[in-house]
Every structure is written in C-alpha cells, then in structure tokens.
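Below is one structure, written out as structure tokens; comments come after it.
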Amino acid sequence: HNDFMYELLNDRFPDLDMLEARAAQVWSRYGEPHRPVILNISATGEHWGNRLEVARRLIATARSHEFATVYGGHLVLLVTPTPRPQVEATVSEICQLLERNHLNATAVVGAECRDLREWRECILSALKLNDLLGTSGILWGMVWRRWLNYSNRLSETGWRSSAMPRWRR
C-alpha cells in the first residue's frame, strides 16, 4: 500500500495506466466511488513511537474493506460510503476505535473520487488543506478543492501566502 501511494502522489505525474492494475491489486473496491480521509494521529502522552502504523493496523483489522496506508506523517484512508452523513459516521467510528486504543485523530475529508487522477487530486488537496488550516475534528475538503487548485496555480506563478488576506493565513 505504501509504495503504491508514494508512486501515485509523487512530484512527477505518474503513469496512470501502469498504476491502474496495481490499484486493483492493493484495494478490492477500486473503481467504486469513495472519499479520501487524511488522519492526523497523536497518542495519549505521545508514548507510542509508531502510532501511524499502529493506527493503520487497527483500522485495517476493523474495516478490512477500506484502504488504509501511511503517507508521510499522515494516515490516508479511502472510504467507500460517499454521502456526507455516512462518511461522518465512518470517521466517527474510526476515531472512537482509535480512542479506545489511546490514540487521537483529526480528519480532513476530501471530495468524492472515482479514478486514479481524482484520487491524486483529492488526496493532494486534502493534504494541502490539512497543512494550511489544520483541524480540531473533521474538516471537509470538498468545499476548498477549487480554491486549492486556484492557489496552486497562483503559487506556480510566484504568488506568496503573505499576499493572502490576514483572515485566510
């Protein structure tokens, strides 16, 4: 799972045809509509050195039909219920599972995805949204998707975040 996610989110745009076959191998529900969920995991007392891997294993055991992998300092999930109430219930169940095991989580939920190109766009947008705003619960990334794409284009042309109005920084 980890290698697949790193290839998909690489700075250099991946060969999606090659990754298509691998996607079906690493996740049985590939091709179904789903949403990415980016989890920030912390441990009570910060005594768990490998909290991301522990959280991934807990989720993979409890929800074997969901895709879960570690990417950088985050846990990336792909969940198959896509309507907001069902995703909220799923994320709440996952957070409760982690809390029972002395782990805390905050989440950024991305827009609905159907293919690898959308996976890449939505996961990267959710990661950027998390880095930009942080979370203290569940943050819905689908509203910010267009704004993030716009800000990415601006940053490529030399736009700086200091030019952003203070309330958005």
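Counting begins at 1 with the first residue of the sequence.
Closest heavy-atom contact between C122 and A111: SG-O, 3.8 Å. Taking every heavy atom of both residues into account, G73 and L52 meet most closely at C-CD1, 3.7 Å.
The one candidate from E32, E118, R120, R35 that meets the side chain to side chain contact (heavy atoms under 4.5 Å, CB included) condition with C113 is E118.
Distance OG1/T61 to CZ/R56: 8.0 Å, rounded to 0.5 Å. The OG1 atom of T80 lies 5.0 Å from the NE2 atom of H65; values are rounded to the nearest 0.5 Å. Atom CZ of R117 sits about 10.5 Å away from atom CG of L8, to the nearest 0.5 Å. Atoms CG and CG, from L124 and L9 in turn, are 5.0 Å apart once rounded to the nearest 0.5 Å. To the nearest 0.5 Å, the span separating CG on L98 from CG on L39 amounts to 7.0 Å. Separation of atoms CD1 (I59) and CG (L77) is listed at 5.0 Å; rounding is to 0.5 Å.
Panel note: side chain N101, backbone L103; no donor-acceptor pair is recorded below 3.5 Å. The backbone N or O of I41 sits less than 3.5 Å from a side-chain atom of R51, completing a donor-acceptor pair.
Partners of P81 under the side-chain contact (heavy atoms from CB on, under 4.5 Å) rule, at least two apart in sequence or in another chain, are E66, V79, Q86, T90. By the side-chain contact (heavy atoms from CB on, under 4.5 Å) test, Q96 pairs with S92, R100, sequence neighbours left out. Taking the salt bridge (charged side-chain N to carboxylate O under 4.0 Å, His left out) definition, one finds that R114 meets it with E112, sequence neighbours left out.
With contacts defined as side-chain heavy-atom distances shorter than 4.5 Å, the pair N104/E99 qualifies. A heavy-atom distance below 4.5 Å is found between the side chains of L127 and Y71. With a 4.5 Å cut-off on side-chain heavy atoms, I123 and L78 count as touching.
Contacts classified as side-chain hydrogen bond (donor to acceptor under 3.5 Å, both in side chains) and involving residues 14-24 (residues at least two apart or in different chains) are given here: E7-R22, E20-Y30. For residues 69-80, no pair satisfies salt bridge (Lys or Arg N to Asp or Glu O under 4.0 Å), with sequence neighbours left out.
Between H34 and W119, the ring planes lie perpendicular to each other; the angle is over 60°, past the 30° to 60° tilted range.
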